[in-house]
Amino acid sequence: MNDTTSAPVGPAVGPAGAADGPRYDFRDAEPKWQAAWSERACFAVADVPTDGKPKYYVLEMFPYPSGKIHMGHVRNYTLGDVVARYKRARGFAVLHPMGWDAFGLPAENAARERGIHPAKWTHENIDAMRAELKRMGLSLDWAREFATCDPEYYQHQQKLFLDFMKAGLVERKESWVNWDPVDGTVLANEQVIDGKGWRSGAPVEKKQLSQWFFSITKYAPELLSALDTMDRWPERVRLMQSNWIGRSEGARLRFERAPWKPDNASFPIDLDEPDAGYDKIEVYTTRPDTLFGMSFLAIAPEHPLAAAVGARDPKAAAFIAECRSMGTSEAAIETAEKHGHDTGLRVKHPFIEGATYPVWIANFVLMEYGTGAIFGCPAHDQRDLDFARKYKLAVPPVVLPPGADPATFAIGKEAYVGPGTAYNSEFLNGLDVDAAKRAAIDALAARRMGEGVTNWRLRDWGVSRQRYWGCPIPVIHCDSCGVVPVPDDQLPVRLPDDVTFDRPGNPLDHHPTWKHVDCPRCGKPARRETDTCDTFVDSSWYFARYCCASATDRPLVRAAVDHWMPVDQYIGGIEHAILHLLYSRFFTRGMKDTGHIAVEEPFAGLFTQGMVNHESYRTAAGPNGMWLYPEEVEKQPDGTARHRVTGEPVIVGRVEAMSKSRRNTIDPGDIINRYGADTARWFILSDNPPERDMEWTEAGVAGAFRFTQRVFRLAEGVGPAAPKPDTVGSHGRTLRRVTHKTIAAVTGALEDFAFNVAVARLYELANAITDAERAAAEPGLDWARREAVEVLARLSAPMMPHLAEEVMALLHPDATTLVADFPWPEAEPDLLIADSVTIAVQIMGKLRGTVAVPPDSAADAVIAAAEAEPNVANALAGKRIVRRIHVPNRIVNFVIAG
RNA sequence: GCGAGAGUGGCGGAACGGUAGACGCAGUCGACUCAAAAUCGACCGCCGCGAGGCGUGGGGGUUCGAAUCCCCCCUUUCGCACCA
């Protein structure tokens, strides 16, 4: 596939045993050990194991089959593989599967642009990427592989959809969508850029469509409260989800409309017909305590009352149209300006007899949140204040800040939103904000005008997509029976193969026959639903399917899923912090409530990795500069860079995310060809903590490569196996201490996801082995070196699995057990105790010297030794010691007077 | 605007409140070599000849002792963003 001859640089790796150069040839070793693992099915586990081992489920977010793996994949799968191999060595039965998130728009784009069928494009990409992943030497159970575009997968998703429907978790409702009139499809918010479709460039329209929704809001309370128990998730992600779900406590109250009084003849409207249904306007507020500070009521332009007003008042209609033309994204850009239109209608205050307030249509009120209507309290809400100042509305203050004088306190340009005491508020006067809220809600309830409510920001999940390459939504529309679920025995609803992409819109809709079916209920001609599922649905249950990937008769086999789930360690990018992870949490609850599984939280542990970045290069500053690939650039000793071929000067840009447009990508396949998988894995782990963004550098990879060679050389340098000697000399003992401390340190680092620290400890062990190589011969030293090299290999195995096998095979030519099947090394406790510890000696917290004492020495002895240390004694001369602090095995600190 | 992180040598980064800079990268010098690569050895925070002093974004504080804990500020990254 990839050819090494095109690589411009790289180490000269000759065949093993060549006269010069490194002896360890990864090109020979890596495929050999991959084949060995595969032949022995080292990483296969049963759906329902009977070996009694504790289970551990490691999962990395599955890839979209774009065609090639990228460095982000390499990092993701390396991190997961380290965990999987480590846990396996620790005695766990490890489930570590892989598959493909294979539906989605790029396949359709390829079909449109290049005439390749989406299925063909997708499967070719999967084949290419599978081959690349296999070259990484991952400890995967490939028998569980699937792609979400396989009917064998999506048929079960259709079954789940129908079960969710039965359980009331699926709804069909009208909703406003972003509609691209050129592509003839709904766009997600992220696909609308500056009010235009991201592909067509056409202005996006707001359109009301009937769409399928998952009722994720039904689970809002538990999706929020469970976050508190998810202590193995990053705090950041939990917070983001919490904000996204957006619980708020407040009140819902109904304002009665005041009778219509035509004090201004220019308002030609009359909504006082008894059956109009506009006699009350419901609002949501988190500040019922500020009700006496009301000065207006405002409704969203999409509010039904606004439409009713617009039908009678052309000026109002024009204002509403103006608001609608400002798309959602544009509104976000122009956040400052608030606009409104006075309807002429008025509402009564719930508590103040005879007081009425104007009803405005305002662009800053959102129909999607709360009730689409607010009461305006300008003194204590910044938005309301901006609006009131612009339209010269009253600003009565009703919350007095602590210490402020009620006679002089006034609102300027800033609303007062802090704590305080209610005033100008009749029965609320004197109460603090919280007490006033409760009192106001009680009063509203007593009058049957309102009640306390909990409001959520989370909206239901719209899953309809007018696209071909997705899971068909398994329902049929019948003119007589309405929406009819496809019966189980007619599943799967397969995508037709013979589709065309020569015109905009949904190919399923254009297909000559596919959508025409008979109603399963009454038998009359009916239509298939042509919407397909959002691809986030596919990824909302794949983790459970892996547990029983070959089951054909049902989506999930309970015994298997209940055994393996939840995922013990999930690893992926932070970009999925909200959508994928929240949808999966919802879906898992849905699967539980429809009887498919027992767990309700899918991912017990979550780790979010950083990105892989790289320098970018271009030929000149400004718009004329051409981006260059890293392999086109040659670094100069003076730090500048030039073009490898033309010699042109090159501008070295920022270190930023790898992207095709900036050409600062590094192809993992190329790296594996030149350096091997172990080198790539080692470098990616060693560079920095895995949760942070890392920089991919040529020098770093080369350094990692040198280390692989060095480890092999250390192994070649040790003698044949021998029984443990009775006595070990001092160099040997020193080495053995390092060896066993390294076992403890690397174990701890791996448990903590501090893989860069684990790498550092292994470098230290290698350095200690090198020191021992140079030491004079003594009894037991050879044995200790051999032990150290074995430990080095075995501790490195989760990171560099091929090299570890090669080293152990070298040391044990007749061995039949693979390192992949070895248990994790155990440190000998005796060797973790040093025979001497270095105590820092401080005077007034400043280091003045060190003393070496036996571990756990008595305080008196340590202090005496510290005072005797020449440098310390010198500094203490003539001073009065007022206090002597001794921290066992660590420090002595003298506090002196004067 | 709101919320949450992060600021440590030339770089990536280590460091239970206890010897700041482990380990790696880059660099300097040396050995080997006709030479280069590879390998090996030494050095490698700043000031100072030295003794020593100064150093973890800035300023305060707690403590015998602070990169670490607390308060204020600065910079920066990310998330949400007219959410009533």
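Residue numbering restarts at 1 for every chain, and letters A, B, ... go by the order of the sequence lines. Bear in mind the structure is a predicted one, so any value in this text is a computation, not a measurement.
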Please state the [atom1] separation for the pair [N] and [M] - nearest whole angstrom.
{"N": "B:C32", "M": "B:G21", "atom1": "P", "result": "34 Å"}
{"N": "B:C23", "M": "B:A15", "atom1": "P", "result": "14 Å"}
{"N": "B:G9", "M": "B:A67", "atom1": "P", "result": "14 Å"}
{"N": "B:A22", "M": "B:U8", "atom1": "C1'", "result": "13 Å"}
{"N": "B:A14", "M": "B:C69", "atom1": "P", "result": "15 Å"}
{"N": "B:C54", "M": "B:G1", "atom1": "C1'", "result": "41 Å"}
{"N": "B:C43", "M": "B:A26", "atom1": "C1'", "result": "14 Å"}
{"N": "B:C49", "M": "B:U56", "atom1": "P", "result": "23 Å"}

From [atom1] of [X] over to [atom2] of [N], roughly how many Å is that when rounded to an integer?
{"X": "A:H886", "N": "B:G65", "atom1": "NE2", "atom2": "P", "result": "18 Å"}
{"X": "A:L224", "N": "B:C83", "atom1": "CG", "atom2": "C1'", "result": "15 Å"}
{"X": "A:N363", "N": "B:A84", "atom1": "CG", "atom2": "P", "result": "17 Å"}
{"X": "A:E575", "N": "B:U77", "atom1": "CD", "atom2": "C1'", "result": "16 Å"}
{"X": "A:I574", "N": "B:C80", "atom1": "CD1", "atom2": "P", "result": "11 Å"}
{"X": "A:F683", "N": "B:C11", "atom1": "CZ", "atom2": "C1'", "result": "12 Å"}
{"X": "A:D386", "N": "B:A81", "atom1": "CG", "atom2": "P", "result": "20 Å"}
{"X": "A:L847", "N": "B:A20", "atom1": "CG", "atom2": "C1'", "result": "11 Å"}

On the nucleotide [N], are OP1 or OP2 found under 4.0 Å from the side-chain N or O atoms that [X] carries?
{"X": "A:R383", "N": "B:A84", "answer": "no"}
{"X": "A:N243", "N": "B:G3", "answer": "no"}
{"X": "A:R848", "N": "B:G53", "answer": "yes"}
{"X": "A:R457", "N": "B:A81", "answer": "yes"}
{"X": "A:Y369", "N": "B:A84", "answer": "yes"}
{"X": "A:R236", "N": "B:C78", "answer": "no"}
{"X": "A:N889", "N": "B:G18", "answer": "no"}

Between [options], which nucleotide gets closest to the side-chain atoms of [X]?
{"X": "A:R706", "options": "B:C25, B:A14, B:A22", "result": "B:C25"}
{"X": "A:A699", "options": "B:C25, B:C16, B:A22", "result": "B:C25"}
{"X": "A:N688", "options": "B:C23, B:G13, B:A20", "result": "B:G13"}
{"X": "A:D687", "options": "B:C82, B:G12, B:G65", "result": "B:G12"}
{"X": "A:P689", "options": "B:C23, B:G18, B:G13", "result": "B:G13"}
{"X": "A:L239", "options": "B:A4, B:C23, B:G18", "result": "B:A4"}
{"X": "A:Q842", "options": "B:U19, B:C25, B:A84", "result": "B:U19"}
{"X": "A:T285", "options": "B:G79, B:A84, B:C40", "result": "B:A84"}

Less than 4.0 Å between a side-chain N and a carboxylate O, is that true for [Y] and [X]?
{"X": "A:R287", "Y": "A:D289", "answer": "yes"}
{"X": "A:R254", "Y": "A:E451", "answer": "yes"}
{"X": "A:E764", "Y": "A:R761", "answer": "yes"}
{"X": "A:K437", "Y": "A:E249", "answer": "no"}

ask   = Below 6.0 angstrom between ring centroids: does that apply to A:F705 and A:F707?
value =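 A:F705 vs A:F707: aromatic centres not under 6.0 Å.
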inquiry  = Suppose we call two aromatic rings close when their centres sit under 6.0 Å apart. Are A:F296 and A:F387 close by that rule?
reply    = yes
Complementary nucleotide of [N], counting Watson-Crick and G-U pairs under 3.5 Å:
{"N": "B:A51", "value": "none"}
{"N": "B:U28", "value": "B:A42"}
{"N": "B:C64", "value": "B:G18"}
{"N": "B:U33", "value": "none"}
{"N": "B:G7", "value": "B:C74"}
{"N": "B:G1", "value": "B:C80"}

Describe the nucleic acid contact of [X] in one word from base, sugar-phosphate, nothing, applying a heavy-atom distance below 4.0 Å.
{"X": "A:S686", "answer": "nothing"}
{"X": "A:N756", "answer": "sugar-phosphate"}
{"X": "A:V895", "answer": "sugar-phosphate"}
{"X": "A:D384", "answer": "nothing"}
{"X": "A:E764", "answer": "sugar-phosphate"}
{"X": "A:Y763", "answer": "sugar-phosphate"}
{"X": "A:V365", "answer": "base"}

message = Given the structure, check if the side chain of A:R761 and the base of B:A22 hold any donor-acceptor pair shorter than 3.5 Å.
response = yes
task = Give a yes or no answer on whether the side chain of A:R785 reaches the backbone of A:L714 with a donor-acceptor pair at less than 3.5 Å.
result =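 Checked: no pair found.
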message = Whether the side chain of A:N756 engages the backbone of A:S686 through a donor-acceptor N/O pair (distance < 3.5 Å, no angle test) should be reported.
response =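 Side chain of A:N756 to backbone of A:S686, a donor-acceptor pair under 3.5 Å: no, none is there.
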inquiry  = Pick the closest RNA chain B nucleotide for A:V757 and for A:G845 by heavy atoms, then say which residue is nearer the 5' end.
reply    =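 Checking each residue's closest nucleotide, the 5'-ward one belongs to A:V757.
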inquiry  = Can you work out whether A:T838 or A:I374 has the more 5'-proximal nearest nucleotide on RNA chain B?
reply    =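 Checking each residue's closest nucleotide, the 5'-ward one belongs to A:T838.
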query = Can you tell me how far CZ of A:F255 sits from CD of A:E282, rounded to the nearest 0.5 angstrom?
reply =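 A:E282 atom CD to A:F255 atom CZ measures 11.0 Å (nearest 0.5 Å).
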ask   = With side chains defined as the heavy atoms from C-beta onward, is the minimum distance between A:V283 and A:L253 less than 4.5 Å?
value = yes
message = Syn or anti for B:G9, given that syn means the glycosidic angle lies within 90° of 0?
response =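 B:G9: syn glycosidic orientation.
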